[in-house]
Amino acid sequence: MSVVPESASVPDDSSLPGAAPGAPVESITPLSPRPLRRTVLSQAWLEVTFLHWPIDPALVAPHLPPGVRPDVHDGVTWVGLVPFGMRGLGFGRGPGLPWVGDFLETNVRVYGVDGRGRRGVVFLTLECERLLPVLGSRAALRLPYRWAAMGRRREGRELTWTSRRITPPGVPAPGSLIRVGVGEPIRAGDLDPLDAFLTARWGLHTRWHDGSTLHLPNVHPTWPLHRAELLECREDLIAACGLPAPVGTPRVLFAPRVDVRFGPPDRLPPVPGATPMEKRANHSRARRRARNLAVRARPEREGFGQLLSGRGSCRRPGSPRPPWPGP
């Protein structure tokens, strides 16, 4: 896993583990094969920096929601570390929310295929510098957003991202420092099939409150991808998500901007095998969470009140300085 191949072919549907008859896996396409019924959210992603490492699908499978299996390329799947700037997050096609709709984000993502053959992203964490989007996204879609102190610096073609999760005293605060050199644009005919596999994703999967799985579709123009060179990377976010720390040189890509629209979510059919007791427990839990916004938005079972009472800094007085520069 220490050497990333320069080129690789996208496997056919039958090579994907668990491919179900009658539900062929959708093709890798530069534009979404599924138009949106209507737009629920609009946003722009700026200076998107992709770092990807290959990983054994068996290590990823336990982290996927029900009904989703790892999406593989030449027998392996990939884990991504992706910092970017969110701009103009808003509802429908309307204007973005002022201030709260603009923030930095760094996510850890893996790739899956659902029972309908839809390729998508599964987020293991989404580090975000604004607390309100963290609480709203956790409550509305149960996405694993977490509050973090973050920074971005651009000097010519060199771009630096920093992130450190904000946690209560004594709780580990994983983070990242990523520095890349941005290269030339990649012409459409020169795009490697592996890079298309990693970026042409037209939806996300997330576990819903009752244990079922939601699929949230998205559309956007073709990625304006650039080549990029990794200059420095220090991170422990991936290991904090329960995966092995990445080894070797990642595959690096960059995109200056893409405008994105998300459609309404749909729920996958429940996975067979749940007992009546489990179904009743899930239903009861979902009702309690629906009535209690604080419970629905709670990112951690312990210490959440301490997190909310923090001062917005990831380093407490007297605590050791992090091993990379703060934002």
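If you read the sequence from its start, that first residue is 1, and numbering goes on from there. The model shown is predicted, which means the values in this text are computed figures rather than measured ones. Note that these values count all heavy atoms, side chains included, but never hydrogens, waters or copies made by symmetry.
In the hydrophobic cluster analysis, where Ile, Leu, Val, Met, Phe, Trp and Tyr join through side-chain heavy atoms closer than 4.5 angstrom, Val82 is grouped apart from Leu46. Under the 4.5 Å side-chain heavy-atom criterion for grouping Ile, Leu, Val, Met, Phe, Trp and Tyr, Phe84 is connected to Leu216 within one hydrophobic cluster. When hydrophobic clusters are built by joining Ile, Leu, Val, Met, Phe, Trp and Tyr residues whose side-chain heavy atoms come closer than 4.5 Å, directly or via intermediates, Phe91 is grouped together with Val134. At a threshold of 4.5 Å between side-chain heavy atoms, the hydrophobic network of Ile, Leu, Val, Met, Phe, Trp and Tyr places Leu132 and Leu126 in one connected group.
Within 6.0 Å of the CZ atom in Arg154, the count of heavy atoms belonging to other residues, nucleotides or ligands exceeds 12. The local environment of CZ in Arg153 is sparse, with at most 12 non-hydrogen atoms from other residues, nucleotides or ligands closer than 6.0 Å.
When each of Phe254, Trp223, Trp45, Trp161 is tested with Phe50 by the rule ring pair (Phe, Tyr, Trp, His ring centres under 6.0 Å), just one qualifies, namely Trp223. Only one option out of Arg118, Arg34, Arg201 pairs with Glu26 in a salt bridge (Lys or Arg N to Asp or Glu O under 4.0 Å); it is Arg34.
A distance of 4.0 Å separates CZ in Phe103 from CE in Met86, rounded to the nearest 0.5 Å.
The aromatic ring centres of Tyr111 and His52 sit less than 6.0 Å apart.
No side-chain donor-acceptor contact under 3.5 Å links Tyr145 and Glu127. A side-chain N or O of Arg146 and one of Thr125 form a donor-acceptor pair less than 3.5 Å apart. Looking at Asp259 and His220, their side chains never bring a donor and an acceptor atom within 3.5 Å of each other.
The closest donor-acceptor contact from the side chain of Ser163 to the backbone of Ser176 lies at 3.5 Å or more, if one exists at all.
With respect to Asp192 and Arg227, no salt bridge is recorded, no charged nitrogen being found less than 4.0 Å from a carboxylate O.
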